[in-house]
Amino acid sequence: MATAPAPIRIAVVGLGIGRLHVISCAELKDRYRVVAVCDVDEARAREVAGWLRDVRACTDLEEVLAADDVDVVDLCTPPAQHREQVERCLRAGKDVICEKPLVGSLREVDELAALAEETGRSVMPIHQYRFGRGVQRLRALVDAGLTGRPYVANVDVAWRRGADYYAAPWRGRWETELGGTLVSHAVHALDMALFILGPPVGVWARVATLVNDVEVEDCAAVTLRFGDGSLATLSATVGSAVEISRHRFTFEHLTAESGTEPYANGKEPWEITVPDDDHRAVVDAHVATLPAQHEDYVGQLDRYAEAHATGGPLPVTLDDARTALEVVTAMYVSAREDREVLLPLAPDDPALGGWRP
Ligand SMILES: NC(=O)c1ccc[n+]([C@@H]2O[C@H](COP(=O)([O-])OP(=O)(O)OC[C@H]3O[C@@H](n4cnc5c(N)ncnc54)[C@H](O)[C@@H]3O)[C@@H](O)[C@H]2O)c1
């Protein structure tokens, strides 16, 4: 009988949302052993280390990188630190998981891809929303050729963020947050849309700062155009009284609409309406064959552990993050220059160097 692979020895760095990474690893206890947690705030590091047995509390990434018992470093630090920290981890011989937004430019994504190749290590960006069972169900229907052609998709990200949220010194500023609601909030919904539809060929966006007294945008309205002629809209705000996220995909043979749970609308319930009775029976039969896998962070981390053990493809790749960040880049350029931006960007496009003003 084959023996189960040893659990991945992981260190989680940055213990805001990183707390949820620790909890998710603990849920997957056959897959992961959290050996260290790290935060520049020592009290935080000690508190979280105390949640599990035999976890070291560190206050400096260097301590984590020097440790022989760390296989994977999971970076959950503020965005502007990611580029340099991912590089340090790779050079120290560690595999890396990194929260969104991975980095602040496509060139930096490409540099990290080259470095991963050179060091023989891997980088998995976090895009956990796409592991909801609802959006996975739709993806399986697309893969099986059961949706027909896409016509229009509508994506709404209506969240609420105020002064408390922007009190964190890194938020609300181009230099440290790397962008506003497009990069920080809508990127999840964008990733889900691209997971279903693939990359667009044209982007036209408008952005505005209307809700908070911050440097970056906190509202956006975007149209996307795809190579097959289909269209999508995306709207984002942090000023909504009621928080929702919603995706609605209109295909030739069916319409799929997500639930509205703001931070997990990839999960069920999704309403899939198939007008034709015979086709509905085929769709239902296919759906009945789909395995029920973990969702959310646990879903991404579970699949990551599987890939780690088997050498299979990572559940989210640098290419996936690049695709979403290329669309984000196009959105900012479009809003600034009031024009449609065509994708993919040319290799000599100055926007490859970043979207910040
Ligand atoms: N995928 C998601 O749904 C999701 C949700 C929230 C945040 N995020 C992303 O996660 C990252 C962190 O966001 P957050 O909301 O947790 O921020 P936060 O400010 O709440 O927490 C960041 C933590 O990192 C610590 N830290 C800062 N610099 C550090 C360093 N050099 N070494 C070790 N620790 C350090 C801080 O002390 C703090 O405890 C951001 O990139 C954010 O966009 C992703």
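We count ligands from 1, going down the list as the structure has it; atoms in each ligand are counted the same way. Sequence positions, counted from 1, serve as the residue numbers for this chain. Hydrogens, waters and symmetry mates play no part in the numbers below; they use all other heavy atoms, side chains included. Quantities reported herein were computed from a predicted structural model and do not represent experimental measurements.
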Residue portion contacting ligand 1 (non-hydrogen atoms closer than 4.0 Å) for [X]:
| X | value |
| --- | --- |
| Val13 | side chain |
| Gln128 | side chain |
| Tyr263 | neither |
| Tyr165 | neither |
| Ala168 | neither |
| Leu15 | backbone |

At the 4.0 Å heavy-atom cut-off, does [X] count as touching ligand 1?
| X | answer |
| --- | --- |
| Arg171 | yes |
| His82 | yes |
| Ser184 | no |

Item to complete: Considering the heavy atoms of Pro79, write down every atom of ligand 1 situated less than 4.0 Å from one of them.
Response: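 Here the atoms of ligand 1 in question are 40 (C), 41 (O).
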Considering only distance and modelled atom types, tabulate donor-acceptor pairs under 3.5 Å from the side chains of residues 181-188, sequence neighbours left out.
residue : atom : partner : partner atom : Å
Thr181  : OG1  : His185  : ND1          : 2.9
Ser184  : OG   : Glu177  : OE2          : 2.5
His185  : NE2  : Tyr165  : OH           : 3.0

Worksheet item: For Tyr129, is at least one N or O under 3.5 Å away from an N or O on ligand 1?
Response: no
Worksheet item: Hey, is ligand 1 close enough to Pro101 that some N/O pair sits below 3.5 Å?
Response: no
Discussion item. Strictly distance-based, threshold 3.5 Å: is any side-chain N or O of His279 a donor or acceptor partner for the main-chain N or O of Leu146?
Written reply: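 Checked: pair present.
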Do [X] and [Y] sit within salt-bridge range, that is, some charged N less than 4.0 Å from a carboxylate O?
| X | Y | value |
| --- | --- | --- |
| Glu175 | Arg356 | no |
| Glu111 | Arg107 | no |
| Arg322 | Asp319 | no |

Worksheet entry | Geometric class of the Tyr304/His308 ring pair [parallel <30°, tilted 30-60°, perpendicular >60°] |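 It falls in the tilted class, 30° to 60°.
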Worksheet entry | Aromatic plane relationship, Trp355 with Tyr332 - under 30° parallel, 30 to 60° tilted, over 60° perpendicular | parallel
Worksheet item: Who passes side chain to side chain contact (heavy atoms under 4.5 Å, CB included) against Arg9, sequence neighbours left out?
Response: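 Residues passing side chain to side chain contact (heavy atoms under 4.5 Å, CB included) with Arg9: Arg33, Val35, Asp69, Asp71.
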